[in-house]
Undergrad: 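Pasting a structure below so you can have a look.
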2 protein chains.
Amino acid sequence: MGKITIKDIAREAGVSITTVSRVLNNKAEGMSKKTRKTVLQVMGELNYQPNKFARGLVTKRSNMLGLIVPNISNPFFPELCRGAEDEANERNYSLIICNSDDQSQKEENYLRLLQEQQVDGILLSSKNRLSQTSKDQLESGKIPYVLFDRGEEASNHSGVFLDNEKGGYMAGKHLVDLGHTKIACMTGPLEILNAQQRLAGFQRAFTEASIELPKSSILVGDFQMEVAYLIAKKFLQDNCVTAIFASNDLMACGIYRAAHELGIQIPEQLSIVGFDDIPLVTALIPKLTTVRQGTYEMGRKAIELLLNELENNSSEGVVFDPTLIVRESTKKIK
Amino acid sequence: MGKITIKDIAREAGVSITTVSRVLNNKAEGMSKKTRKTVLQVMGELNYQPNKFARGLVTKRSNMLGLIVPNISNPFFPELCRGAEDEANERNYSLIICNSDDQSQKEENYLRLLQEQQVDGILLSSKNRLSQTSKDQLESGKIPYVLFDRGEEASNHSGVFLDNEKGGYMAGKHLVDLGHTKIACMTGPLEILNAQQRLAGFQRAFTEASIELPKSSILVGDFQMEVAYLIAKKFLQDNCVTAIFASNDLMACGIYRAAHELGIQIPEQLSIVGFDDIPLVTALIPKLTTVRQGTYEMGRKAIELLLNELENNSSEGVVFDPTLIVRESTKKIK
DNA sequence: CTGAAAGCGCTAACAG
DNA sequence: CTGTTAGCGCTTTCAG
């Protein structure tokens, strides 16, 4: 850490520290070009780096943003992080990425930590409903935040969300169009609005086509691969369906394995459609048909909203549209 | 941000700010238990949060660490992040995670950014050789750093690495033991030491068994899925091998696809062994046999080293041992 | 167009 | 065991 300070460069440049501070902050455009230039030059020569602490102490701004994700191991989230990070960096902010591992406890800790760290804003993506503690934490510190990926709070507060119902509908419609009538749906935990909405959309597509989705065909997973595999294996052993919609791609992976072990061919005997379009889904054989969220873009947008809120105090909710990516795991029924 | 400061709590508690500062820092154990208790209580009641800026300004410490990874989309790195983050948090540090997207340019920017941000230390994981600029950047700021995942610097500076040669050897030995003689190896870019070493180990296993690995069977990939797929497809069309070792799991995925499209059965006609053991590898059908790096643990260790360096100025290099995880993608040759 | 001076909230000698 | 005091490096009135 160069110990050279604003004073040093003031001395070298033969001006006052105020002047240096001014050029540092691009202030008071009405400053002699010459002075500015000299100062800039000296700063360059001395390789001056302003001290964030001193700065923050007076401005109360850290130029840091916090991002809490529920599960960094689900490839969906690294994409979000990339988007958020790129946007933040371009706007001259740094991102502290925190992984709550799906534990409310950890989430709350991070919320506190980030406030202590004096971040300027928080982007919170929690797969679960916000705990009361989290809400309190968020409200008590007056720091701006935006929600990501959970629709439930959409009404009250700014955030970015996906139209999950529509996504579910697209998956369902696709299957209907292919002529499937015996279908199942593997959803995430039903207390999560995302999961509920995707299911609702999926059902709507079939209702429109006057096809019934029996209750027994609604399989409740946990958005993870392992449990999905177990449930699917059991289900496929006893039931005969021609298509399954998985509420996220990780669960679709589990279903692939179950089908494989039971000797069920995809897509010949079983069509599968996933949700998310995580990068690794093209590694599956056959490639997975899925509903894409523009994850990277959503990450960028979320930071944009956060910064708007921070800088202009404007709050806004934006809803993204999903797109259906048809690949190889779905097939017309004969 | 509670605007309540050390002064407020001093006044409320009827002590001097120094005293408050002392309890804040657990200093001077010889303080009346009663005073300490009162202060603590008032802090609780007023929900006091010390100001990091003011603190940092005098201590020159931020309690933040930076972590630069080359590619957050490769599931290998989220695991590293998790380990690093958990360790950092337990030691009372926060982590700023930065993704350099495999671009030296971005890496250099982050290096600068992190220094500006006044982090206390940097954990740098760059798949590529350090650029000169990066090196300079690292040396100029006097901030401690540790290297991750690249052996080349091991001698000079503290870091955590994997014994890549050994890992390659394990993969090779496994294939030798299964009776394979016609083999190929898909490596990463050869200017990366990791890739080189894995290849060297692999070759050693075959040399020991007096089996030759022809030059034409060394396929140079880029550690990504797509390119691996293209190369493998071309190669497998023209050549007949019974086993391939992929220098990382992502490339193994690409090879799976190539084999599938060519109608080559895994493992009946082709055995594959990967490297890394990323979580998603169990989603492949058949499950991939691979060489595991204890990624999460390595992340923890790296932070531990960094903190040691930071706190005790001790520098140390540690080398992890890989383990072979035999699953379903390799088979004895008949 | 430029400078002097007053803090921001905290820690760290130095006294008592 | 506790308090006084002098800054840390920067921004920001307020003057000139």
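Note that this is a predicted model, so its numbers are computed, not measured. The chains referred to below are lettered A, B, ... by the order of the sequence lines, with proteins before strands, and numbering in each begins at 1.
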Undergrad: Does any N or O donor sit under 3.5 Å from an N or O acceptor when you compare the side chain of B/T18 with the base of D/dT4?
TA: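 Side chain to base: pair present.
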Undergrad: Would you mind reading off the distance between A/M43 atom CE and D/dC10 atom C1', rounded to a whole angstrom?
TA: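 My rounded result for the distance is 13 Å.
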Undergrad: Are any of B/N25's side-chain N or O atoms less than 4.0 Å away from OP1 or OP2 of C/dT11?
TA: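 Yes, within the criterion.
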Undergrad: Once you apply a heavy-atom cut-off of 4.0 Å, does B/V15 come out as touching a base, just sugar-phosphate, or nothing?
TA: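 Sugar-phosphate contact only.
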Undergrad: Please report the distance, rounded to the nearest Å, between CG in A/L24 and C1' in C/dT2.
TA: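 In whole Å, C/dT2 C1' lies 16 Å from A/L24 CG.
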Undergrad: Calculate the interatomic distance between B/R61 atom CZ and D/dG9 atom P; express it in whole Å.
TA: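 In whole Å, D/dG9 P and B/R61 CZ are 17 Å from each other.
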Undergrad: Please pick, from D/dG9, D/dG3, C/dG3, the nucleotide with the shortest atom-to-atom distance to any side-chain atom of A/N51.
TA: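 Nearest to the side-chain atoms of A/N51, counting from C-beta on, is D/dG9.
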Undergrad: Please give, in whole Å, the distance from C/dC10 C1' to B/D8 CG?
TA: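 Taking CG of B/D8 and C1' of C/dC10, I get 13 Å after rounding.
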Undergrad: Does the side chain of A/T35 get closer than 4.0 angstrom to OP1 or OP2 of C/dT2 through an N or O atom?
TA: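 Yes.
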Undergrad: Going by the rule side-chain contact (heavy atoms from CB on, under 4.5 Å), which residues pair with B/E12 if we only count those two or more places apart in sequence or in a different chain?
TA: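 Residues passing side-chain contact (heavy atoms from CB on, under 4.5 Å) with B/E12: B/V42, B/L46.
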Undergrad: Please determine if B/R112 and B/E116 form a salt bridge, counting it only when a charged side-chain N lies under 4.0 Å from a carboxylate O.
TA: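 Answer for the salt bridge query: yes.
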Undergrad: Does a salt bridge link A/R300 with A/E297, judged by any charged N lying under 4.0 Å from a carboxylate O?
TA: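 No, this pair does not count.
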Undergrad: Flag the pair B/E87 and B/K301 as a salt bridge only when some basic side-chain nitrogen lies within less than 4.0 angstrom of an acidic carboxylate oxygen.
TA: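 Answer for the salt bridge query: no.
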Undergrad: Checking side chain to side chain contact (heavy atoms under 4.5 Å, CB included) against A/E85, which of A/L95, A/L65, A/I303 comes through?
TA: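 Passing option: A/L95.
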Undergrad: Does B/Y48 have a side-chain nitrogen or oxygen under 4.0 Å from the phosphate oxygens OP1 or OP2 of C/dC10?
TA: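 It does, given that an N or O in the side chain of B/Y48 lies less than 4.0 Å from OP1 or OP2 of C/dC10.
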Undergrad: Below the 4.0 Å mark, does D/dT11 have OP1 or OP2 next to a side-chain nitrogen or oxygen of A/S21?
TA: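 Answer is yes, contact under 4.0 Å.
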Undergrad: Using OP1 and OP2 only, check whether a side-chain N or O of B/T5 sits under 4.0 Å from C/dG9.
TA: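 For B/T5, the contact criterion (side-chain N or O under 4.0 Å from OP1 or OP2 of C/dG9) is not met.
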Undergrad: Rounded to whole angstrom units, what separation is found between the CZ atom of A/R55 and the P atom of C/dC10?
TA: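 The distance from CZ of A/R55 to P of C/dC10 comes to 21 Å, rounded to the nearest Å.
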Undergrad: State whether B/T59 places a side-chain N or O below 4.0 Å from either non-bridging phosphate oxygen (OP1 or OP2) of C/dT11.
TA: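 Negative; the distance criterion is not met.
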Undergrad: Provide, to the nearest angstrom, the distance between the CG atom belonging to A/N63 and the P atom belonging to D/dC10.
TA: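 Checked: the CG to P distance equals 15 Å.
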Undergrad: Mapping B/V58 and B/I17 to their closest nucleotides on DNA chain D, which lands nearer the 5' end?
TA: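 This one resolves to B/I17.
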Undergrad: Provide, to the nearest angstrom, the distance between the CG atom belonging to B/L57 and the P atom belonging to D/dC8.
TA: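 About 9 Å, once rounded to whole Å.
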Undergrad: How long is the line joining CZ of B/F53 and C1' of D/dG7, in whole Å?
TA: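 My rounded result for the distance is 19 Å.
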